[in-house]
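For this chain, numbers begin at 1 and follow the sequence in order.
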Amino acid sequence: MKQVLFAFTALFIFCSIANGQKNKKSTTSTDNNYESSTFSGISFRGVGPAFTSGRIADIAVNPDNPFEYYIAVASGGVWKTTNNGTTYQPIFDNQPSYSIGCITMDPSNSNVIWVGTGENNNQ
């Protein structure tokens with residue numbers, strides 16, 4: 001039975017390859033027959049925001065309490081949650097820097113948070 005199944009599978013693969021190569025037409029950019037009427041209804045327009053925002057740059061999770069973590073936002077400061085992300089409080093609003101690149105928690109004291117300002121992926 002295994003030999004019959006193997007033979008059938010091999011035959012199927014061979015026929016698929018042979019059929020796939022039959023009547024194959026090469027397509028290049030010169031083969032496209034677009035007319036100006038194809039694109040006459042399309043014009044350039046802005047389809048997105050003027051700047052990219054809301055990018056999360058880094059996350060620091062409290063190892064003693066996984067429901068508490070800090071979010072470093074590349075274009076919006078540092079946010080803290082103590083209820084697993086249901087609500088967030090901004091904790092970096094009174095600082096002179098806006099863009100955040102990284103954040104980490106002191107391994108010996110979870111009340112100390114180190115924040116790296118500036119973003120290494122400015123767009």
Side-chain angles (χ1 to χ4, degrees):
M1 180 68 183
K2 285 184 181 181
Q3 292 174 343
V4 173
L5 184 60
F6 177 75
F8 178 73
T9 304
L11 181 65
F12 177 77
I13 291 172
F14 175 75
C15 291
S16 297
I17 292 171
N19 191 30
Q21 292 178 354
K22 191 187 289 186
N23 296 329
K24 190 161 188 159
K25 183 180 176 184
S26 170
T27 58
T28 62
S29 61
T30 58
D31 290 340
N32 296 330
N33 295 321
Y34 296 118
E35 299 176 6
S36 61
S37 62
T38 304
F39 302 106
S40 64
I42 300 173
S43 63
F44 286 104
R45 62 192 187 279
V47 293
F51 60 93
T52 308
S53 66
R55 295 179 316 279
I56 294 177
D58 204 0
I59 299 174
V61 180
N62 185 346
D64 299 325
N65 179 7
F67 296 108
E68 176 185 350
Y69 53 91
Y70 299 84
I71 305 291
V73 182
S75 61
V78 177
W79 297 80
K80 177 183 179 180
T81 181
T82 56
N83 55 13
N84 204 25
T86 302
T87 59
Y88 291 90
Q89 297 82 31
I91 63 169
F92 208 74
D93 284 355
N94 296 326
Q95 303 305 316
S97 181
Y98 182 70
S99 179
I100 307 299
C102 63
I103 187 170
T104 190
M105 187 176 291
D106 187 333
S108 60
N109 184 357
S110 62
N111 292 320
V112 176
I113 306 298
W114 293 314
V115 175
T117 59
E119 181 188 7
N120 61 355
N121 187 19
N122 49 358
Q123 299 181 3

Same cluster (ILVMFWY, side-chain, under 4.5 Å), Val73 and Val61: yes
Determine yes or no for a side-chain-to-main-chain donor-acceptor pair under 3.5 angstrom, with Thr81 supplying the side chain and Glu68 the backbone. no
Measuring from Tyr70:OH to Ile113:CD1, what's the distance to the nearest 0.5 Å? 4.0 Å
Which heavy atom in Ala60 sits nearest to a heavy atom in Met105, and how many Å separate them? CB-N, 4.2 Å
Between Ala57 and Ile100, the two heavy atoms sitting closest are CB-O, 3.5 Å
Atom CD of Gln89: over 12 foreign heavy atoms under 6.0 Å: yes
Where Ile91 and Lys80 come nearest, the two heavy atoms and their spacing: CG2-CB, 3.9 Å
Taking the side chain as everything from C-beta on, heavy atoms only, tell me whether Tyr69 gets closer than 4.5 Å to Trp79. no
Rounded to the nearest 0.5 Å, how far does CG of Asn109 lie from CG of Asn111? 5.0 Å
Tyr88 and side-chain contact (heavy atoms from CB on, under 4.5 Å): which single residue from Val78, Ile71, Asn83 fits? Ile71
Quick check: closest heavy atoms across Gly101 and Asp58, and the distance to 0.1 Å? O-CB, 4.3 Å
Any side-chain to backbone donor/acceptor pair from Thr117 onto Ser99? Under 3.5 Å, distance only. no
Cys102 and Ala72 have their tightest heavy-atom pair at C-CB, 4.4 Å
How close do Phe92 and Ser97 get, heavy atom to heavy atom, and via which atoms? CE2-O, 3.8 Å
